[in-house]
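Read through the structure below, which is laid out as structure tokens, and then see the notes.
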Number of protein chains: 2
Amino acid sequence: MPASRSRARPAPAPVAPAGPTTVIDVARVAGVSASTVSRILNGTARVADSKRAAVEEAIRRLDFRPNLSARSLKMGTTMTVGILAQDIESPFFTRAMRGIEEGLADSGYAPIIVSGHWNAVEEAQRIRLLMARRIDGLVILTGHLADEQIAEFARHQPIVVTGRKLRHDHNLVATWLDQTEAGYLATRHLLSLGHRRIAHIAGPRDHGDAVDRLAGYNRAHEEANLKPDPALVTQGDFLESGGLLAMNRLLDSGAPFTAVFAANDQMSYGARMALYRRGIRVPDDVSIVGVDDLPASAYVTPPLTTVRQPIYEIGLFAARALLHMLGQRVEPVDVPPLELIVRETTRRL
Amino acid sequence: MPASRSRARPAPAPVAPAGPTTVIDVARVAGVSASTVSRILNGTARVADSKRAAVEEAIRRLDFRPNLSARSLKMGTTMTVGILAQDIESPFFTRAMRGIEEGLADSGYAPIIVSGHWNAVEEAQRIRLLMARRIDGLVILTGHLADEQIAEFARHQPIVVTGRKLRHDHNLVATWLDQTEAGYLATRHLLSLGHRRIAHIAGPRDHGDAVDRLAGYNRAHEEANLKPDPALVTQGDFLESGGLLAMNRLLDSGAPFTAVFAANDQMSYGARMALYRRGIRVPDDVSIVGVDDLPASAYVTPPLTTVRQPIYEIGLFAARALLHMLGQRVEPVDVPPLELIVRETTRRL
DNA sequence: TTGTAGGCGTTATCAC
DNA sequence: GTGATAACGCCTACAA
């Protein structure tokens, strides 16, 4: 029976203050000053054991919780970090968020998540909203912001940004994986299985990762002294629906191919569906490779061969790096490298 | 070139204050008092157009943003709502969160998301953490908290809780869909296709929805004057892995069946994988029905027949209901009913 | 219409 | 070791 907030009814106990409980109430009940309560709360200084006991008892009795707004006002810190995602429903971002959640656990920091929807203007807007809340730090999960813009934001608070290469700074950490390598690993795998006509469902043209993966596709061909057929490269949007549409276009074009490299897992699912619709078997007639290794990829039929991205670990890394910049003592984590996961959507030609 | 935070260097402009910009700085630059600035910020009172212009200009010049902590301290409101999810990576919760995000858009409220991991103790802990931050409202997305516990929490701030039937209150709104109906719809569909030996992969025993769906499965049988074979009911955990394990148990038991009703889509995926592993065709040899209609269910092969839950709309509803309780003028939204979505994992026997 | 003054709850500084 | 006191930045009576 917490004693606070008893307005209409008579106070249930003589100690009950009028409004929400404050340090002063606790101090009065414990027979000490507010400063002493504060000191005990924060471990700022040594206090006599007897007083400590009295204060702790009073805190319990009154169910006292310090007002974070007041503390923030005084300290200039909000114990809140902002997370800029792009699409809160995408498995990519939720996996990263899990990593962040884990990395932030027990740190006292809580995440506020906003979505930028792959739109630089909206992203900047959301970040300003976050900054108006005086967040102590910010994680930017990929996106379309200009590097200079991010550097500018980093003048106001520590930032960790994923998916780009940026000069580190006391206030700015970037984590980056070579997405050319992802495209290269996927394509080389198909080439090594004897495939020579390999289609590619690319991601959005304005998306750096997509561009890099296409470059990796080209590099693997070059290395094998092959020239990819431009008719086999088509555009997707990183979503299932786009993968389905792209595969339909590929099929309708009549250009023959025996394998397809989709720039991410979600488009692989869509492509797979398009093939299924036409009765084209995977991997017997066409092999598929994706990128990401989303949790679902082990449960689609057949299980998807893909290039694993350490998304969870990136989230974990981001959280830890941010805490480090915020002055917390945390052990750093490593981001493992990209890795080809061979499952059952690819077979030797 | 924002003028604030120029500590080490000489001030770039004569207007630059020492620390972060405050109303007082704005007032000084605009040649008015701080209260006038506040009034303009909040539209609290009429002010002369000339002063308004000067203040707005000063705000722009100084890139001023009101300190939310100070405002919160004064007003007793944080413009923050807490969201208790269970697993931030589950498509169920992310879909709901999308709805919440949409419902909160442009309201000025930002969501803080925490996860309870289906553990009543952890859920209560997280909520206390949220409450320590003085959130203005709370959305509880299902979970294992006791009704009384929720009622107790609702004494401190408005709460919307999904997935239960609770007496509404000026501070408590519950939204609930009859999950017996979900199990009933799924099972009746299979029965109507001529299936008589229908297996069921149930959800966790301590999960109300799971229990209700099993009850619906039984009710559909009763209605058809059939008795489900207890050997065909097995336990899952609402995850893909649990669905896979459960289906393997079913198969190993030797009890014959021609269809399976899985208590959610994720377990359907796992069950589908187990069948695939053994070369059992879907729907030719075994039909499958799930519950949820996750976005992915239209893209698995074959596309999953399932009972659609309006998860997004539930999130939207929750956000709107909360805003309403917080005194905002918002138009209410309806939660559509459960609906059987017939795709391609079921066929007539 | 506008300014002055006081306080929201906390912590840091300074005395004792 | 402990207590008074003065901010932190904002908003809202109250006064003018």
Side-chain angles (χ1 to χ4, degrees), chain A residues 4-5 17-56 58-59 62-80 108 131-136, chain B residues 4-5 17-56 58-59 62-80 108 131-136:
Chain A
S4 59
R5 294 208 187 252
T21 316
T22 76
V23 269
I24 305 206
D25 301 318
V26 174
R28 184 158 19 80
V29 169
V32 299
S33 77
S35 330
T36 299
V37 176
S38 173
R39 283 192 267 261
I40 289 173
L41 246 28
N42 304 294
T44 317
R46 277 200 63 74
V47 300
D49 283 353
S50 64
K51 307 214 170 192
R52 148 163 287 119
V55 167
E56 279 168 354
I59 288 176
L62 298 173
D63 189 30
F64 167 73
R65 290 160 194 291
N67 182 322
L68 279 201
S69 299
R71 181 176 287 172
S72 296
L73 178 57
K74 181 69 187 170
M75 311 286 282
T77 171
T78 56
M79 297 308 282
T80 304
M131 285 172 48
R133 303 188 86 91
R134 299 289 202 274
I135 51 167
D136 294 339
Chain B
S4 59
R5 294 208 185 251
T21 317
T22 75
V23 269
I24 303 202
D25 302 317
V26 174
R28 186 160 16 80
V29 169
V32 300
S33 78
S35 34
T36 299
V37 175
S38 172
R39 284 191 265 263
I40 289 174
L41 245 29
N42 303 295
T44 316
R46 277 202 61 76
V47 301
D49 284 352
S50 64
K51 305 213 171 191
R52 149 163 286 120
V55 167
E56 280 169 353
I59 288 176
L62 298 173
D63 190 31
F64 167 72
R65 288 160 195 292
N67 182 322
L68 277 202
S69 300
R71 181 176 285 173
S72 296
L73 179 58
K74 179 69 189 171
M75 311 289 281
T77 171
T78 57
M79 297 308 282
T80 304
M131 286 172 49
R133 304 188 85 91
R134 298 290 202 274
I135 50 168
D136 294 339

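Note on naming: letters A, B, ... go to the chains in the order of the sequence lines (proteins, then strands), and numbering restarts at 1 for each one.
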Detail all sub-3.5 Å separations between protein N/O atoms and N/O atoms belonging to nucleotides 10-12 of chain C.
from	atom 1	to	atom 2	distance (Å)
C/dT10	OP1	A/N67	N	3.0
C/dT10	OP2	A/V23	N	2.6
C/dT11	OP1	A/N42	OD1	3.3
C/dT11	OP1	A/N42	ND2	3.1
C/dT11	OP1	A/R71	NE	2.7
C/dT11	OP1	A/R71	NH2	2.9
C/dT11	OP2	A/S38	OG	3.0
C/dT11	O2	A/K74	NZ	3.4

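Partners of A/R133 by side chain to side chain donor-acceptor pair (under 3.5 Å), not counting sequence neighbours, listed by chain and number: B/T80.
With contacts defined as side-chain heavy-atom distances shorter than 4.5 Å, the pair B/N42/B/M75 does not qualify. Residues B/V26 and B/L62 are in side-chain contact: their nearest non-hydrogen atoms beyond the backbone lie under 4.5 Å apart.
Pairing each heavy atom of A/D136 with each of A/M79, the nearest pair is OD2-N, 2.6 Å. For the residue pair B/L73 and A/S69, the shortest heavy atom distance occurs at N-CB, 3.9 Å.
Per the geometry, CG belonging to A/L73 stands 9 Å off C1' belonging to C/dC8, to the nearest Å. Computed from coordinates, the B/I40 CD1 to C/dT2 C1' distance equals 11 Å when rounded to whole Å. Rounded to an integer number of Å, the gap from B/D25 CG to D/dG9 P is 9 Å.
At least one donor-acceptor pair closer than 3.5 Å links the side chain of B/S72 to the backbone N or O of B/T77.
A sub-4.0 Å separation between OP1 or OP2 of D/dG3 and a side-chain N or O of A/T36 is present.
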